[in-house]
Protein chains: 2
Amino acid sequence: MEEAKGARSARSGGASAESHHPAACDGALAKAFTFLGKRWNGVILATLQHGPLGYAELRRAVEGISDSVLSERLSELSAAGLTLREVKTGPPITVRYRLTPDGTALMPILGELAGWASRHLPDTPTVSRRGSHG
Amino acid sequence: MEEAKGARSARSGGASAESHHPAACDGALAKAFTFLGKRWNGVILATLQHGPLGYAELRRAVEGISDSVLSERLSELSAAGLTLREVKTGPPITVRYRLTPDGTALMPILGELAGWASRHLPDTPTVSRRGSHG
DNA sequence: GCCGCACGCTCTGTTTTTAGAAGCGACATG
DNA sequence: CATGTCGCTTCTAAAAACAGAGCGTGCGGC
């Protein structure tokens, strides 16, 4: 990610946080947040940990997410290899999304994150902005 | 967070992901992503783990972040009790931001997250959108 | 056959968030 | 005095997310 420094791309901007600054954060962590820092990705991944779900099931489970964003997110997560889109030819034809092993490997960490939030985050939503995952 | 279900607020939308749907994700996790899912929060917190920094130092270390967003983020993180804004009356007057114990408690998890990203995320940024942390 | 429903998305316009740059007052230095 | 840094604030433009309507397909009931 150090070479991303010159690019100053708004996209990979966070990824270049490592850069050359002594206080900058780890490049790998920045990369992690490339996904987890986008709204809904964490919740979508966590929602899939109990087993594959169809698009409509996901839409209902991830309350608050819009169709277009869900579609976009699933596309990105699949492209990144964290989820897998499975089509069964039926009848009836079914489409489901499941976690890949890479995606599944994240679950224990998300569990710890939940524990941290329970213990360390204020109960009242003091955050003013849209958390990417509500 | 279950009561947030009726609100359907875009803000707390993710937080209500738990709702009543059997596949929904943990409310605590959704709450965690209220912060971590906003662009730059994870990187800012991680950048502070090595010690307090001033605004300008943070600005340089978190490469790619804009002034207005950094200011806003620091305000939110402080309001949430994850960071602390310390003013020394000087001379010279100095303002620094440090992690609180709550914020510090997140660091081991961020460390694991970095490890996961190193092992499980593709090297090429396949994410199309702004990762909240690059 | 028609109709209604669910599914798995796509599309478009609107709102919100982030980016980017300029700006301000205070302070320190030459 | 001029210049620079600091710690922000303010404003505008661009990008992301929201919100709702829509489409084609498949299926079951009548």
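Sequence lines set the chain letters: A, B, ... in the order given, protein chains first and strands last, and positions in each chain run from 1.
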Requested in this report: Ignoring backbone atoms, establish whether B:Tyr97 has a side-chain N or O less than 4.0 Å from OP1 or OP2 of D:dC6.
Outcome: no

Report task. Compare all side-chain heavy atoms of A:Leu121 with those of B:Thr34 and state whether any distance is below 4.5 angstrom. Result -> no

Query - Rounded interatomic separation in angstrom, taking CD from B:Glu72 and P from D:dC11 - result: 15 Å

Query raised in the report: Which one, D:dT9, C:dA19, D:dC27, comes nearest to the side chain of A:Pro91?
Result: D:dC27

Query - Test item: A:Asn41 and B:Phe33 side chains (from C-beta on) under 4.5 Å apart, heavy atoms - result: no

Query raised in the report: Which nucleotide sits closest to the side chain of B:Ser66: C:dC27, C:dA19, D:dT9?
Result: C:dA19

Report task. Using a 4.5 Å cut-off on heavy atoms from C-beta on, say whether the side chain of B:Thr104 contacts that of B:Leu48. Result -> no

**Report entry** Atom-to-atom span, CD1 of B:Ile65 to P of D:dC8 - whole angstrom
**Finding:** 13 Å

**Report entry** B:Arg96 CZ - D:dC6 P separation (whole Å)
**Finding:** 12 Å

Query raised in the report: With nearest nucleotides of DNA chain D determined for A:Val69 and B:Tyr55 from heavy-atom distances, which residue corresponds to the more 5′ nucleotide?
Result: B:Tyr55

Query raised in the report: Counting side-chain heavy atoms from C-beta on, which of D:dG20, C:dA19, D:dC18 comes nearest to A:Asp67?
Result: D:dG20

Requested in this report: Taking only the side-chain nitrogens and oxygens of B:Arg59, find out if one of them lies under 4.0 Å from OP1 or OP2 of C:dA19.
Outcome: no

Report task. Round to the nearest Å and state the distance from A:Leu53 atom CG to C:dC9 atom P. Result -> 13 Å

Requested in this report: Respond yes when some side-chain nitrogen or oxygen of B:Ser71 is under 4.0 Å from OP1 or OP2 of D:dT9, and no when none is.
Outcome: yes

Requested in this report: Calculate the interatomic distance between B:Leu70 atom CG and D:dT10 atom C1'; express it in whole Å.
Outcome: 16 Å

Query raised in the report: How do B:Ile93 and A:Ile93 order along DNA chain D: which one's closest nucleotide is nearer the 5' end?
Result: B:Ile93

Query raised in the report: C:dA19, D:dG7, C:dG8: which one has an atom nearest the side-chain heavy atoms of B:Ala56?
Result: D:dG7

Report summary line: Between NZ of B:Lys88 and P of D:dG7 the distance, given in whole Å, is 13 Å

Report task. Return the nearest nucleotide to the side chain of A:Ser68; candidates are D:dG7, C:dC9, D:dG20. Result -> D:dG20

Query - Side chain B:Arg73, main chain B:Arg39, donor-acceptor under 3.5 Å - result: yes

Requested in this report: Report yes if a side-chain nitrogen or oxygen of A:Arg60 is closer than 4.0 Å to either non-bridging phosphate oxygen (OP1 or OP2) of C:dG8; otherwise report no.
Outcome: no

Requested in this report: Using a heavy-atom cut-off of under 4.0 Å over every strand shown, decide if B:Arg85 touches base, sugar-phosphate, or nothing.
Outcome: sugar-phosphate

Query raised in the report: When you check the phosphate oxygens OP1 and OP2 of C:dA19, does a side-chain N or O of B:Arg39 lie under 4.0 Å from one of them?
Result: yes

Query - A:Glu57 CD - C:dC9 C1' separation (whole Å) - result: 15 Å

Report task. Mark yes or no for whether A:Thr83, through its side chain, and A:Arg98, through its backbone, hold a donor-acceptor pair below 3.5 Å. Result -> no

